[in-house]
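Structure first, commentary second.
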Protein chains: 2
Amino acid sequence: MKHLLKTRYEARAKIIKALAHPSRLLIIEELNQRERCVGELTEMIGADVSTVSKHLSILKNAGLISDDKRGNSIFYSLRVPCIMQFMGCVEEVLSVNAKKHNAILKCSGR
Amino acid sequence: MKHLLKTRYEARAKIIKALAHPSRLLIIEELNQRERCVGELTEMIGADVSTVSKHLSILKNAGLISDDKRGNSIFYSLRVPCIMQFMGCVEEVLSVNAKKHNAILKCSGR
DNA sequence: ATGCTATTTGGCAAAATAGCCATGCACTAT
DNA sequence: ATAGTGCATGGCTATTTTGCCAAATAGCAT
């Protein structure tokens with residue numbers, strides 16, 4: 001692969017990788033509703049706080065979310081709303097996959 | 001996290017993970033132009049055929065591409081065009097990140 | 001200052017991913 | 001039948017990612 005092209009795809013992949021985890025998808029979806037602090041997200045996810053904190057730092061590092069420290073808490077919010085449109089496409093893939101699956105079941109006589 | 005929700009995010013994450021690799025992004029973009037066989041993609045990527053073949057199987061497994069065997073070759077094509085819209089959003093994130101980066105440079109006097 | 005709450009960071013082990021080589025398989029050609 | 005081409009799979013190692021615990025940091029309250 002040409003170097004310029006490679007660099008470009010690597011940059012994209014870094015962002016997409018940041019989205020490629022169930023907990024981080026939940027975070028994105030919650031932050032799309034409204035800003036949230038780490039404690040709230042931790043409760044929703046049900047993992048260790050440190051784990052959630054690391055997920056947040058991955059998302060922040062990718063430029064997907066931003067943080068705002070107020071008092072004792074840090075509030076995170078979604079920085080790039082267009083991400084949510086993407087989720088629509090992902091759902092479409094899932095539904096196409098489900099249809100195909102059903103078709104296979106039918107053809108094999110169930 | 002509630003089980004139902006978790007399953008849902010896991011399904012989404014699997015699809016996004018399939019996209020989260022430079023070579024696979026190149027494949028997606030190429031297949032968006034037209035169908036391609038493994039040999040062509042391998043040449044563009046510049047990795048071992050077996051590696052490319054595995055990338056293709058990941059994309060296929062996620063339901064993103066489909067294959068069509070004709071003669072001695074297997075032609076892959078993009079199954080869900082909406083994926084490309086998503087790339088637009090990723091580019092937007094990159095450009096927002098770049099702007100922020102420039103602003104930081106300015107503020108630090110460069 | 002001391003303690004309390006909210007969050008991040010370092011360290012580590014387990015799990016997942018990536019990429020190469022060698023091999024196997026299917027189809028084509030001779 | 002034999003050889004050649006195109007692709008997939010198994011096996012293996014190196015790298016990356018994940019998630020917990022323990023410890024550090026920062027702000028608030030007393």
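What you see is a predicted model, and the numbers here were worked out from it, not measured in a lab. Quick note: numbers below take in every heavy atom, side chains included, and nothing from hydrogens, waters or symmetry partners. Sequence lines set the chain letters: A, B, ... in the order given, protein chains first and strands last, and positions in each chain run from 1.
Not one side-chain nitrogen or oxygen of B/H55 sits closer than 4.0 Å to the OP1 or OP2 atom of C/dT17. Between B/Y76 and D/dA8 there is a side-chain polar atom (N or O) within less than 4.0 angstrom of OP1 or OP2. The phosphate of D/dG19 (OP1 or OP2) has a side-chain N or O of A/H21 nearer than 4.0 angstrom. One finds no side-chain N or O of B/T51 lying less than 4.0 angstrom from the OP1 or OP2 phosphate oxygen of C/dG19. In this structure, B/K69 does not reach the C/dA26 phosphate: none of its side-chain N or O atoms is under 4.0 Å from OP1 or OP2.
A salt bridge does not link B/K69 with B/D67: none of the charged nitrogens is closer than 4.0 Å to a carboxylate oxygen. Salt-bridge formation is not detected for the pair B/E92/A/R79: no Lys NZ or Arg NE/NH1/NH2 atom is positioned less than 4.0 Å from an Asp or Glu carboxylate oxygen.
For the pair A/I74 CD1 and C/dT9 C1', the computed distance is 13 Å after rounding to whole Å. Going from atom CG of A/D68 over to atom P of C/dA6 covers 17 Å, rounded to whole Å. The CG atom of A/D48 sits 6 Å away from the P atom of D/dC21 (whole-angstrom rounding). Straight-line distance from the CG atom of B/D67 to the C1' atom of C/dA26: 14 Å, rounded to whole Å. The distance between atom CG of B/L19 and atom C1' of C/dT17, rounded to the nearest whole Å, is 16 Å. Between A/R24 atom CZ and D/dG19 atom P there is a gap of 8 Å when expressed in whole angstrom units. B/L59 places its CG atom 14 Å from the C1' atom of C/dT17, with the value rounded to the nearest Å. Regarding A/I58, its CD1 atom lies at a distance of 11 Å from the C1' atom of D/dG19, rounded to whole Å.
Looking at heavy-atom distances under 4.0 Å, A/S53 makes contact with a base. Within the nucleic acid shown, B/K54 comes within 4.0 Å of at least one base atom, counting heavy atoms only.
Comparing A/S23 and B/G39 along DNA chain D, the residue whose closest nucleotide (by nearest heavy atom) sits nearer the 5' end is B/G39. Each of A/V49 and A/K17 was assigned the nucleotide of DNA chain C with the nearest heavy atom; the assignment lying further toward the 5' end belongs to A/V49.
Each of D/dC7, C/dT9, D/dT18 was ranked by its minimum atom distance to the side chain of A/S50; first place goes to C/dT9.
Ring-plane geometry between B/F86 and A/F86 is classed as parallel, the angle between the planes falling under 30 degrees on a 0 to 90 degree scale with a further cut at 60.
In terms of polar N and O atoms assigned as donor or acceptor, the side chain of B/N72 comes within less than 3.5 Å of the base of D/dT5 in a complementary pairing.
Residues B/Q85 and A/Q85 form no side-chain contact, since every pair of their non-hydrogen atoms from C-beta on lies 4.5 Å or further apart.
Rounded to the nearest 0.5 Å, atoms CG (A/L59) and CD1 (A/I83) are 9.5 Å apart.
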